[in-house]
Amino acid sequence: MAIRFIFHEKLYIGGSIETKKLGKIKKKLQKAPFLTKVFLIVPASNPNDQLDILEAGELSQPHFKGRTFLVLGIASDKGEAFGLVERMATDCVKARGDCNLREFMAC
């Protein structure tokens, strides 16, 4: 069974990812999600954490096979991904007064 991606309706996108290339990146992820230099922000697999940052290339590992990922953000490098998480946290605090990102993003 293949890996499946669901992209959040309010997807956070790193500044270095061109909007016109976003559709192409999404299609490539759906076909063969082993892209390098594409980092995905997803709800954490561990219930004690909030988010995971995964390089798409890591998804070739067998334990990811058949999983579905809700993608909350896409970045071109790990630093940019951390910046998106910071932006998510800031938006969450402004909207809710706390930093419960799972509830804010309705994961």
Side-chain angles (χ1 to χ4, degrees):
M1 183 181 254
I3 296 171
R4 203 169 81 97
F5 297 96
I6 300 169
F7 296 94
H8 195 278
E9 64 184 29
K10 294 180 182 174
L11 184 68
Y12 283 76
I13 303 166
S16 65
I17 294 181
E18 297 176 35
T19 307
K20 63 183 178 184
K21 290 187 178 179
L22 182 61
K24 194 175 197 178
I25 291 170
K26 286 180 179 181
K27 284 180 186 178
K28 282 184 178 183
L29 284 169
Q30 295 288 12
K31 285 185 178 183
F34 316 123
L35 299 171
T36 57
K37 298 188 180 187
V38 173
F39 288 79
L40 307 174
I41 302 167
V42 300
S45 56
N46 176 345
N48 295 322
D49 295 330
Q50 294 200 55
L51 301 174
D52 286 334
I53 297 174
L54 303 171
E55 183 176 14
E58 293 176 33
L59 300 175
S60 64
Q61 297 176 21
H63 63 274
F64 290 117
K65 190 174 182 179
R67 288 196 44 199
T68 298
F69 292 93
L70 172 60
V71 179
L72 306 173
I74 298 178
S76 63
D77 62 48
K78 201 157 198 165
E80 188 172 70
F82 284 126
L84 289 179
V85 171
E86 183 179 355
R87 202 166 91 209
M88 288 176 186
T90 300
D91 291 350
C92 182
V93 169
K94 284 180 184 175
R96 297 174 41 93
D98 64 19
C99 199
N100 189 333
L101 295 172
R102 284 184 182 261
E103 285 186 16
F104 174 66
M105 299 300 285
C107 303

What are the two closest non-hydrogen atoms of Leu29 and Phe5, and how far apart are they? O-CE1, 3.3 Å
Contacts of Arg87 meeting side chain to side chain contact (heavy atoms under 4.5 Å, CB included) (sequence neighbours excluded), chain-then-number -> Tyr12, Leu84, Asp91
Do you know the tightest heavy-atom contact between His8 and Met105? NE2-O, 3.0 Å
Tell me, which pairs form a salt bridge (charged side-chain N to carboxylate O under 4.0 Å, His left out) where one or both residues lie in residues 4-13, sequence neighbours left out? none
Output side-chain donor-acceptor pairs under 3.5 Å for residues 73-83, partner residues at least two apart or in another chain, one line each.
| residue | atom | partner | partner atom | Å |
| --- | --- | --- | --- | --- |
| Ser76 | OG | Ser16 | OG | 2.4 |
| Ser76 | OG | Glu80 | OE1 | 3.1 |
| Asp77 | OD1 | Gly79 | N | 3.1 |
| Asp77 | OD1 | Glu80 | N | 2.6 |
| Glu80 | OE1 | Ser16 | OG | 3.0 |
| Glu80 | OE1 | Ser76 | N | 2.7 |
| Glu80 | OE2 | Gly15 | N | 3.2 |
| Glu80 | OE2 | Ser16 | N | 2.9 |
| Glu80 | OE2 | Ser16 | OG | 2.9 |

Among pairs that include at least one residue of residues 46-68, which meet ring-ring contact (aromatic ring centres under 6.0 Å, His included), considering only residues two or more places apart or in two chains? Phe64-Phe69
Could you pull out all donor-acceptor pairs under 3.5 Å where a side-chain atom in residues 19-27 meets a protein atom, sequence neighbours excluded?
none

Just so I know, are the side chains of Val38 and Lys28 near enough to count as touching, which here means a heavy-atom distance under 4.5 Å? no
With sequence neighbours excluded, what pairs up with Asn100 under the side chain to side chain contact (heavy atoms under 4.5 Å, CB included) test? Gln50, Arg96, Asp98, Arg102, Glu103
Decide side chain to side chain contact (heavy atoms under 4.5 Å, CB included) for Leu72 and Leu101; before the verdict, give the C-alpha distance in whole Å, the side-chain angles of both, and the deciding distance to 0.1 Å. CA-CA 10 Å; Leu72 306 173; Leu101 295 172; over 6 Å; no
Taking atom CD of Glu86 as the centre, report whether more than 12 heavy atoms of other residues, nucleotides or ligands fall under 6.0 Å from it. no
What's the shortest heavy-atom distance between Asp52 and Ser45, and which atoms? OD2-N, 3.0 Å
Between CD on residue Gln30 and CD1 on residue Ile3, distance to nearest 0.5 Å: 10.5 Å
Is it true that Leu11 and Leu40 fall in one hydrophobic cluster, defined by side-chain heavy atoms closer than 4.5 Å? yes
Side chain Glu55, main chain Lys37, donor-acceptor under 3.5 Å: yes
